[in-house]
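Remarks on the structure that follows.
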Amino acid sequence: MADSFDAVLIGAGHNTLAAALHLAAKGWKVGVFEQAATAGGAVKTGEYTLPGFRHDWAAMNLSLFAGSPFFKAYGAELARHGCEFVPVDRPFSSSFPDGTWAGVSTVGTETQDALRALSPADAQTFQDLTSRFGAEAPHLFGLLGSEMKIRALAYFMFKTWRAKGLDGTLDLGRFLLSSPRAWLEETFQHPHIRALFGAWGMHLDFAPDVAGGAMFPYLEGMAGQALGMAIGKGGADTIVKALVAAITARGGSVQTGTPVSRILREGNRATGVELADGRRIMATRAVIAGTAPRGLRKLTGDTTPAFDRAMDGFRHAPGTMMIHLAMDALPDWRAGDQLKRFAYVHLAPSLDQMARTYQQAQAGLLPDEPILVVGQPTAFDPSRAPEGKHVLWVQVRMAPGTITGDAKGEFSATDWTQAAEPFAERALDILEAHAPGTRAKILARRIVTPVELEADNPNLVGGDQVCGSHHLSQHFLFRPARGHADGSTPIANLHLTGAAVWPGAGTGAGPGFLLARKLAGT
């Protein structure tokens with residue numbers, strides 16, 4: 001192994017791997033060092049229950065990656081290294097306790113038909129929204145793809161003003177500041193349809209009443225209708241394996257099972273890293289840390305008081321518990337077999353329930369009625385299970401990293417080793433209520449607590465799968481801190497990347513690609 005690289009990258013999540021590939025393509029010699037035995041961070045796949053059943057550890061939806069500027073640039077190269085997606089024409093739905101359902105589909109008039117069954121007025125509203133999406137998308141995606149610098153934002157606002165006028169620009173600003181509930185209650189009449197889209201806010205730490213969250217239910221609804229979803233053929237790790245292979249083919253190095261103990265400095269300049277085994281790896285041009293802000297502080301020691309306070313005070317979202325199920329068959333949904341054809345089935349019955357669940361988890365309580373995201377990847381990709389069998393990917397939101405009590409008062413455990421089984425049973429009770437007989441179809445299960453998620457990947461602090469709240473005080477120019485949304489740090493040649501850096505969480509590789517383009521000058 002070489003002792004010196006142009007760039008040394010800490011962590012082998014998809015953002016650092018994307019940065020490494022772009023730098024390697026620009027002629028940099030790159031070395032990636034990952035503490036875990038497997039690259040990918042939260043994007044990995046394994047046989048966590050029974051042989052032949054492949055489960056996505058955390059991330060399942062790869063739509064952001066498949067549609068990203070990074071994939072546009074490197075998609076052909078990654079495909080040559082085995083990256084393959086499965087298109088999903090029925091991306092998401094919701095099952096409700098009264099036996100009704102709603103869903104978003106790219107197939108014919110299915111979305112309109114499902115919404116019309118609940119509310120003809122809301123079906124028309126959704127049709128109007130989708131018809132205008134083509135005009136609105138450039139502004140929203142332009143913002144999400146912009147560098148978070150005053151000059152870039154000023155240019156974005158100027159372009160928006162030229163296109164939309166003053167009133168339209170102010171309306172866009174109001175929308176960007178709105179909570180999911182505010183926008184959904186203004187837009188839709190039926191509570192189930194509000195819940196259908198509101199569930200997406202919870203994926204990014206935007207409970208119904210959190211300002212700034214309206215954009216995400218809107219974008220997921222519109223993108224789901226227009227584009228569907230993409231999942232990885234054989235598992236989400238298809239992108240990680242291809243990234244590692246592409247980096248290696250370009251002369252780079254990806255080392256797993258190799259923890260970094262500290263970042264080396266000469267004065268105020270990063271010069272490399274020291275590995276846990278004592279080896280020193282030098283970096284002539286950049287050290288890139290794909291870590292959570294608090295993790296970066298552990299590697300650097302003190303920098304400047306303001307930056308250190310920002311890193312120490314970086315706020316994380318409530319955690320998630322995963323339940324991986326090997327199944328004899330897909331659930332028989334009480335609302336109808338049509339739900340077997342959707343990638344996601346949300347069990348999040350109302351905005352009020354979502355708000356209550358979020359507040360309980362924020363207080364450290366195990367929610368009395370957690371939200372479930374039930375992924376059915378084998379409905380689209382049967383290669384993930386033996387013939388005729390299935391896997392279920394059950395995300396339990398929200399789950400506190402540190403437990404202070406049980407909101408339902410059923411048990412007193414405050415340690416995840418004791419709380420995991422009863423809390424998982426609570427989640428499975430909810431699933432069973434929506435799909436009777438599901439328990440009888442379970443062949444094996446694996447519970448992954450927030451504590452285990454963090455132990456496997458220290459960036460998921462408290463089981464926070466988005467590596468930091470996206471609330472307005474910690475988003476846009478302030479992610480992870482004012483003046484550092486480009487991944488810069490007070491230490492020369494040291495850069496932060498990953499979901500804690502603008503544009504934040506998701507599989508789009510935006511933080512890594514933006515940083516690498518800045519470093520490479522293109």
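Rounding to the nearest 0.5 Å places CD1 of I231 at 5.0 Å from CE of M60. For the atom pair CG of L177 and CE of M215, the computed distance is 10.0 Å after rounding to the nearest 0.5 Å. Rounded to the nearest 0.5 Å, atoms CG (D464) and CE (M398) are 9.0 Å apart. Rounding to the nearest 0.5 Å places CG of D205 at 9.0 Å from CD of Q474. Here the straight-line distance linking atom NE2 of H495 with atom CG of N493 works out to 6.0 Å at 0.5 Å rounding. Rounding to the nearest 0.5 Å places NE2 of H55 at 13.0 Å from CH2 of W393.
A perpendicular orientation is assigned to the rings of H346 and W200, their planes being inclined by more than 60° (bins at 30° and 60°). Using the six-membered ring where Trp is involved, W416 and F423 have ring planes that are perpendicular, over 60° apart on the 30 and 60° scheme. Between Y218 and F175, the ring planes lie perpendicular to each other; the angle is over 60°, past the 30° to 60° tilted range. Between Y74 and F70, the angle of the ring planes lies from 30° to 60°, which puts this pair in the tilted group. In this pair, Y48 and W57 present their aromatic rings perpendicular. The plane angle is above 60°, beyond the 30 to 60° band. A perpendicular orientation is assigned to the rings of H470 and F216, their planes being inclined by more than 60° (bins at 30° and 60°).
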Verify side-chain hydrogen bond (donor to acceptor under 3.5 Å, both in side chains) between T284 and D6, making sure each step is shown before the conclusion.
CA-CA 5 Å; T284 59; D6 292 316; 3.2 Å; yes

Give the intermediate values and the outcome of ring-ring contact (aromatic ring centres under 6.0 Å, His included) for residues Y358 and F206.
CA-CA 9 Å; Y358 186 81; F206 281 106; 9.3 Å; no

Output, in order, the C-alpha distance, side-chain angles, deciding distance and verdict of side-chain hydrogen bond (donor to acceptor under 3.5 Å, both in side chains) for D352 and S350.
CA-CA 5 Å; D352 289 343; S350 70; 5.3 Å; no

Please report the C-alpha distance between E185 and T187 in whole Å, then the side-chain angles of each, then the deciding distance to 0.1 Å, and finally whether the side-chain hydrogen bond (donor to acceptor under 3.5 Å, both in side chains) criterion is met.
CA-CA 5 Å; E185 290 187 347; T187 306; over 6 Å; no

Give the intermediate values and the outcome of side-chain contact (heavy atoms from CB on, under 4.5 Å) for residues M229 and Y344.
CA-CA 10 Å; M229 182 188 287; Y344 280 174; 3.9 Å; yes

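At least one donor-acceptor pair under 3.5 Å links the side chain of S68 to the backbone N or O of F65. Looking only at distances, a side-chain donor or acceptor of D308 sits under 3.5 Å from a matching main-chain atom of T303. Side-chain atoms of H14 come within 3.5 Å of backbone atoms of G506 as a donor-acceptor pair (strictly under, hydrogens ignored). The backbone N or O of L9 sits nowhere less than 3.5 Å from a side-chain atom of T16 that would complete a donor-acceptor pair. For T238 (side chain) and E84 (main-chain N/O), a donor-acceptor pair under 3.5 Å exists by modelled atom type. In terms of modelled atom types and a separation under 3.5 Å, the side chain of R479 and the main chain of A499 share a donor-acceptor contact. Panel note: side chain D56, backbone A58; no donor-acceptor pair is recorded below 3.5 Å. Of the possible polar contacts, none joining the S179 side chain to the V210 backbone as a donor-acceptor pair under 3.5 Å is found. One N or O on the side chain of R294 and one on the backbone of F314 form a donor-acceptor pair closer than 3.5 Å. Remark: the backbone N or O of F33 is not paired with any side-chain donor or acceptor of T258 at under 3.5 angstrom.
The 12-atom threshold is exceeded at CZ of R297, counting heavy atoms of other residues, nucleotides or ligands nearer than 6.0 Å. E147 CD: 12 or fewer foreign heavy atoms inside a 6.0 Å radius.
Residue pairs meeting the ring pair (Phe, Tyr, Trp, His ring centres under 6.0 Å) criterion with at least one member in residues 274-310, sequence neighbours excluded: F307-H484. For residues 483-509, the salt bridge (charged side-chain N to carboxylate O under 4.0 Å, His left out) pairs, not counting sequence neighbours, are D486-K518.
Side-chain atoms of Q395 and Q465, non-hydrogen and from C-beta on, do get closer than 4.5 Å to each other. With a 4.5 Å cut-off on side-chain heavy atoms, L196 and P217 do not count as touching. Residues M322 and H324 form a side-chain contact, since some pair of their non-hydrogen atoms from C-beta on lies under 4.5 Å apart. Counting only heavy atoms from C-beta outward, the side chains of I263 and I10 approach each other to under 4.5 Å. At a threshold of 4.5 Å between non-hydrogen side-chain atoms, the residues D237 and V43 do not count as touching.
A73 and F513 get closest at one heavy-atom pair: CB-CZ, 4.2 Å. Residue V501 comes nearest to G487 through the heavy atom pair CG1-N, 3.8 Å, listed as atom of the first residue, atom of the second, then distance. Closest approach of A246 to E77, counting heavy atoms only: CB-OE2, 3.8 Å. The heavy-atom pair separating T449 from A420 by the smallest distance is CG2-CB, 3.6 Å. Scanning both residues, S63 and N61, for their nearest heavy atoms gives OG-OD1, 2.8 Å. When every heavy atom of I247 is checked against every heavy atom of A20, the shortest pair comes out as CD1-CB, 3.7 Å.
Ring to ring, H22 and W28 are not that close: their centroids are 6.0 angstrom or more apart.
Taking a cutoff of 4.0 Å between a charged side-chain nitrogen and a carboxylate oxygen, R356 and D368 qualify as a salt bridge. Residues K298 and D312 are not paired through a salt bridge, judged by the lack of any N-O separation under 4.0 Å between the basic side chain and the carboxylate. A salt bridge does not link R181 with E186: none of the charged nitrogens is closer than 4.0 Å to a carboxylate oxygen.
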